[in-house]
Amino acid sequence: LSKAFQGMLMAVPAKVKNDIGLYRLWFHECCRVFEDRLVNNEDRDWFEDLLRSKMTSELNVAVDDVLPQGTPVYGDFASQSDAKPYEEITDISKMVRVIEESLDDYNQTSTAPMNLVLFLDAARHVSRISRIIRQPLGNALLLGVGGSGR
């Protein structure tokens with residue numbers, strides 16, 4: 001539970017402008033801390049339904065007002081500034097472009113370049129990994145079949 005609040009505290013208060021922004025951040029952090037540990041789609045769907053029902057019953061807000069485009073994405077890498085604020089990423093195509101530019105920079109300096117295709121799910125995973133690395137004592141176990149791009 002503390003990791004959810006720790007994640008919420010990473011956000012810059014000036015970027016969370018109202019209650020809806022705070023609820024979006026809460027939803028995102030709960031998904032990252034709890035939903036990301038679930039192993040099948042049935043459990044993940046159950047968890048999202050639980051969060052949505054609690055949003056309606058406990059927070060007294062309409063889910064469509066808080067999540068008009070589905071689950072939000074937060075990160076600190078899509079900003080061009082040096083401060084790197086942890087904020088909602090609303091332009092997914094810009095996020096993918098920033099990740100591709102970082103990959104290109106890496107490939108130019110590395111002796112072992114990575115030729116990766118960054119589709120939407122891959123970009124969301126990069127966002128999750130970036131969040132974990134940013135946190136104190138953050139850790140993750142990445143699993144996958146050999147050659148799958150773990």
Side-chain angles (χ1 to χ4, degrees), residues 1-55 58-59 61 63 65-107 109-110 113-145 148-150:
L1 188 61
S2 66
K3 285 288 187 186
F5 288 102
Q6 188 177 28
M8 290 179 70
L9 291 172
M10 289 192 310
V12 178
K15 299 286 184 178
V16 182
K17 295 181 174 32
N18 54 27
D19 292 349
I20 299 297
L22 183 64
Y23 298 151
R24 290 176 64 77
L25 180 60
W26 170 80
F27 186 89
H28 169 78
E29 292 301 324
C30 286
C31 287
R32 296 297 64 83
V33 171
F34 301 111
E35 183 184 330
D36 286 352
R37 297 171 193 248
L38 301 175
V39 295
N40 62 33
N41 287 335
E42 181 182 339
D43 290 346
R44 286 189 283 272
D45 291 342
W46 171 84
F47 183 76
E48 274 206 25
D49 290 343
L50 175 69
L51 283 181
R52 290 169 189 271
S53 70
K54 292 300 177 188
M55 207 179 295
E58 303 298 326
L59 301 176
V61 294
V63 175
D65 292 344
V66 178
L67 306 169
Q69 288 119 7
T71 304
V73 177
Y74 282 77
D76 65 347
F77 54 87
S79 175
Q80 300 297 331
S81 68
D82 290 335
K84 301 290 183 194
Y86 186 70
E87 61 188 350
E88 183 175 3
I89 300 171
T90 54
D91 188 354
I92 300 299
S93 62
K94 179 183 175 188
M95 176 182 76
V96 172
R97 194 170 52 253
V98 167
I99 294 171
E100 287 174 343
E101 288 171 3
S102 297
L103 180 61
D104 289 341
D105 291 345
Y106 172 82
N107 285 340
T109 60
S110 174
M114 296 187 294
N115 297 319
L116 300 177
V117 176
L118 290 172
F119 48 92
L120 182 59
D121 282 342
R124 286 179 179 262
H125 283 301
V126 168
S127 172
R128 290 177 180 132
I129 293 167
S130 172
R131 177 191 174 277
I132 292 167
I133 291 171
R134 181 181 171 146
Q135 286 191 337
L137 301 175
N139 61 75
L141 176 63
L142 303 177
L143 300 174
V145 180
S148 66
R150 290 186 293 250

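The structure displayed is predicted, hence computed values, not measured ones. The residues of the chain are indexed from 1 along the displayed sequence. As a basis for the values below, the full set of heavy atoms in this structure was taken, side chains included, without hydrogen atoms, waters or symmetry mates.
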Engineer: Could you tell me if the side chain of Arg131 sits less than 4.5 Å from the side chain of Val33, heavy atoms only?
Structural biologist: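 Touching, per the 4.5 Å side-chain cut-off.
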Engineer: Nearest 0.5 angstrom please: His125 NE2 to Phe119 CZ, how far?
Structural biologist: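 Here the interatomic distance stands at 7.0 Å.
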Engineer: Going from CZ on Phe47 to CD on Glu42, what distance comes out if it is rounded to the nearest 0.5 angstrom?
Structural biologist: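 Taking CZ in Phe47 and CD in Glu42, the distance rounds to 15.5 Å.
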Engineer: Considering all heavy atoms of both residues, which atom of Pro72 and which atom of Arg24 are nearest to each other, and what is their separation?
Structural biologist: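 For Pro72 versus Arg24, the nearest heavy atoms are CB-NH2, 3.4 Å.
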Engineer: Decide, yes or no, whether a salt bridge links Glu48 with Arg52 under the criterion of side-chain N to carboxylate O below 4.0 Å.
Structural biologist: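 Salt bridge flag = yes for Arg52 with Glu48.
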Engineer: Okay, side chain of Ser127, backbone of Tyr74: is any donor-acceptor separation there less than 3.5 Å?
Structural biologist: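 Indeed, once roles are kept as given, a pair shorter than 3.5 Å links the two residues.
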Engineer: Quick check for you: to the nearest 0.5 Å, what is the distance between Thr109 atom OG1 and Asp104 atom CG?
Structural biologist: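 Going from OG1 on Thr109 over to CG on Asp104, the span is 11.0 Å.
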Engineer: Do you know the tightest heavy-atom contact between Val16 and Leu22?
Structural biologist: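 Minimum heavy-atom contact is CG1-N, 3.4 Å.
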Engineer: Got Val61 and Asp19 here, is their nearest side-chain heavy-atom distance under 4.5 Å?
Structural biologist: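 When only atoms from C-beta onward are counted, Asp19 and Val61 do not touch, as no gap falls below 4.5 Å.
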Engineer: Measure the shortest side-chain to side-chain distance between Met55 and Leu67 over non-hydrogen atoms and say whether it is less than 4.5 angstrom.
Structural biologist: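 The answer is yes, as the side chains (C-beta and beyond) meet within the 4.5 Å cut-off.
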Engineer: Taking all heavy atoms of Pro85 and all of Arg134, pick out the closest pair and write down the distance.
Structural biologist: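 Of all heavy-atom pairs spanning Pro85 and Arg134, the closest is C-NH1, 4.2 Å.
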Engineer: With a 4.5 Å heavy-atom cut-off, do Met8 and Cys30 have their side chains touching?
Structural biologist: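 In short, these two side chains do not touch, never coming nearer than 4.5 Å.
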Engineer: Within this structure, what is the CD-CD1 distance for the pair Gln135 and Ile133, rounded to the nearest 0.5 Å?
Structural biologist: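 Interatomic distance, Gln135 CD to Ile133 CD1, rounded to 0.5 Å: 11.0 Å.
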Engineer: List the atom of Ser110, the atom of Pro113, and the distance in Å for their closest heavy-atom pair.
Structural biologist: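 Taking Ser110 first and Pro113 second, the nearest heavy atoms are OG-N, 4.0 Å.
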Engineer: Give the minimum heavy-atom separation between Met95 and Arg124, together with the two atoms involved.
Structural biologist: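 In this case the closest contact between Met95 and Arg124 is CE-N, 4.3 Å.
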Engineer: From Glu100 CD over to Arg97 CZ, what is the distance, rounded to the nearest 0.5 angstrom?
Structural biologist: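 These two atoms lie 9.0 Å from each other.
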Engineer: Is there a side-chain contact between Leu59 and Trp26 in this structure, where contact means two heavy atoms from C-beta onward sitting under 4.5 Å apart?
Structural biologist: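 Of all side-chain heavy-atom pairs linking Trp26 with Leu59, at least one is under 4.5 Å.
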Engineer: Is there a side-chain contact between Lys15 and Glu88 (heavy atoms, below 4.5 Å)?
Structural biologist: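 No, side chains not in contact.
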Engineer: Supply the atom-to-atom distance Asn40 CG to Asp45 CG, rounded to the nearest 0.5 angstrom.
Structural biologist: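 The CG atom of Asp45 is 9.0 Å from CG of Asn40, to the nearest 0.5 Å.
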Engineer: Keeping Ser102 on the side-chain end and Val98 on the backbone end, is there a donor-acceptor pair under 3.5 Å?
Structural biologist: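 Yes, the answer is positive, given that a donor and an acceptor are paired below the 3.5 Å cut-off.
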Engineer: Taking all non-hydrogen atoms of both residues, which atom of Arg32 and which atom of Thr71 are closest, and how far apart?
Structural biologist: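 For Arg32 versus Thr71, the nearest heavy atoms are NH1-CG2, 4.3 Å.
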